[in-house]
> 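Shown below is the structure under consideration.
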There are 2 protein chains.
Amino acid sequence: MSLDHILLALLAKPASGYDLKKEFDQGARHYWAAELAQIYPTLKKLETRGLLTSNPAGSDKGPPRRVYTRTKAGRSELLGWLKQGPLMGKQRLPYLAQLEHLYEADDLDATYNFVVQLRQHFATFGRFLSDVQLGDPEDMNDAQFHELITLQYGITACQARVAWCDESLDQIDNRRKRKETP
Amino acid sequence: MSLDHILLALLAKPASGYDLKKEFDQGARHYWAAELAQIYPTLKKLETRGLLTSNPAGSDKGPPRRVYTRTKAGRSELLGWLKQGPLMGKQRLPYLAQLEHLYEADDLDATYNFVVQLRQHFATFGRFLSDVQLGDPEDMNDAQFHELITLQYGITACQARVAWCDESLDQIDNRRKRKETP
DNA sequence: TAGTACATGTAAACAGTTACATGATTAT
DNA sequence: ATAATCATGTAACTGTTTACATGTACTA
């Protein structure tokens with residue numbers, strides 16, 4: 001599973017389940033997301049496998065925290081995962097499934113509006129990612145440099161999708177006009 | 001769930017589970033994939049919900065087929081799904097998780113090779129999608145037109161990823177050279 | 001006093017994968 | 001003979017989501 005290894009990777013520094021959830025939500029993790037209900041049991045499982053250790057820690061407000069630390073075994077498990085080469089997984093893009101079959105609605109205006117909404121979504125998310133400023137590659141350590149190129153993936157992906165939306169809107173509009181005056 | 005609705009959409013014309021699996025594998029379905037072990041029970045479930053009907057049909061070779069047909073209720077369920085607007089789902093890109101944490105291996109050559117492998121993958125898949133020739137938009141019916149713009153998404157996404165790989169390889173190489181001669 | 005952020009967890013349901021079982025037909 | 005393709009299905013497992021349960025401390 002990937003979540004196991006992502007948690008192992010995120011635990012380069014000790015953290016609690018709650019901390020890790022925030023890391024997923026902070027958008028730098030545009031490539032994966034996880035709920036607390038999945039994170040807590042996964043951390044426990046990793047601890048029983050000896051890849052993490054945990055100790056309770058006080059908290060300023062609210063209940064006590066449980067902070068997890070990666071073990072040597074955890075680190076070598078992580079390195080093994082990294083050495084496998086790129087894991088491609090499966091793409092799941094429900095909006096493309098919808099778009100491909102939107103001809104069933106028999107309404108090009110509906111298709112046009114659908115793509116307008118998609119464009120809006122990609123543009124907003126692209127702006128969100130671009131706002132994460134990481135500075136000049138020359139001043140970075142290796143961790144920051146790897147974060148930078150990963151973030152650039154997200155930004156260029158959004159730009160390419162917006163461009164595809166614009167191109168598609170043109171094509172839909174042309175088709176619409178051809179239907180009006182046949 | 002999306003698979004329910006994708007199967008409903010694919011059943012614009014009657015087909016068997018086996019036929020539908022081939023449609024997923026034919027790459028035009030670059031946005032979703034499913035195994036037979038998931039397709040067969042899902043079709044049964046859709047039939048008990050009254051969204052599909054099935055009848056057995058002979059086969060030239062091998063055991064008899066079971067061909068599913070969409071009902072009126074099935075079509076309106078589909079239209080309801082399409083009318084919801086774009087469903088964004090969650091991105092799961094394990095290779096980006098690996099790349100962001102590949103600094104742990106402390107080896108820029110490993111990072112470089114990783115991106116070379118990614119580039120190879122995206123380029124190959126992009127060529128595979130480009131080979132699906134659909135012809136001129138003006139001669140198409142609405143179904144083919146929607147298939148075209150969906151396919152163009154896949155092609156431009158691959159091109160953008162290859163461009164990102166090339167840009168990243170440059171940046172990694174620059175960093176490598178800076179480390180050699182500090 | 002109501003809501004939000006902190007903080008951890010469990011239970012049940014749903015989604016998806018891997019492995020297995022069966023058996024016919026066609027090509028090598 | 002052996003493998004590939006056709007064709008359908010089940011069982012066990014793994015992964016993910018939604019809903020629930022608990023309780024503190026601070027802010028509006």
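Per chain, numbering begins at 1; letters A, B, ... match sequence-line order.
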> Once you round it to whole Å, what is the distance between P of dA15(C) and NZ of K45(B)?
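It is 5 Å, rounded to the nearest whole Å.
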> Do you see a donor-acceptor pair shorter than 3.5 Å between the side chains of Y31(A) and E100(B)?
yes
> Is there a donor in the side chain of Q84(B) and an acceptor in the side chain of Q98(A), or the other way round, less than 3.5 Å apart?
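Checked: Q84(B)/Q98(A) side chains show no N/O donor-acceptor pair below 3.5 Å.
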> dT14(D) C1' sits how many Å from L46(A) CG, rounded?
15 Å
> Using whole Å, report how far OH of Y40(A) lies from P of dT8(C).
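Rounding to the nearest Å, OH of Y40(A) and P of dT8(C) are 4 Å apart.
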> Calculate the interatomic distance between K90(A) atom NZ and dT16(D) atom C1'; express it in whole Å.
15 Å
> Just checking S16(A): base, sugar-phosphate only, or nothing, at a heavy-atom cut-off of under 4.0 Å?
sugar-phosphate
> Between dA7(D), dT8(D), dT17(C), spot the one nearest the side chain of P63(B), thanks.
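Among dA7(D), dT8(D), dT17(C), the one nearest the side chain of P63(B) is dA7(D).
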> Among the nucleotides dC6(D), dC6(C), dG9(C), which one has an atom lying closest to any side-chain atom of Y68(A)?
dG9(C)
> Provide, to the nearest angstrom, the distance between the CG atom belonging to L43(A) and the P atom belonging to dT8(C).
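Nearest whole value for this atom pair: 9 Å.
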> Map A34(A) and A37(B) onto DNA chain D by nearest heavy atom, then report which one ends up closer to the 5' terminus.
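Final value for this comparison: A37(B).
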> Mind calculating the distance between CZ (R66(B)) and C1' (dG9(D)) to the nearest angstrom?
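So the two atoms are 11 Å apart, to the nearest Å.
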> Parallel under 30°, tilted from 30 to 60°, perpendicular over 60°: which one fits the rings of F125(A) and H121(A)?
parallel
> Side chain of K22(A) only, heavy atoms from C-beta on: which candidate in dC6(C), dG16(C), dT16(D) is closest?
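Between dC6(C), dG16(C), dT16(D), the one nearest the side chain of K22(A) would be dC6(C).
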> Examine Y95(A) together with F122(A) and report whether their ring centres are nearer than 6.0 Å.
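So the answer is yes for these two rings.
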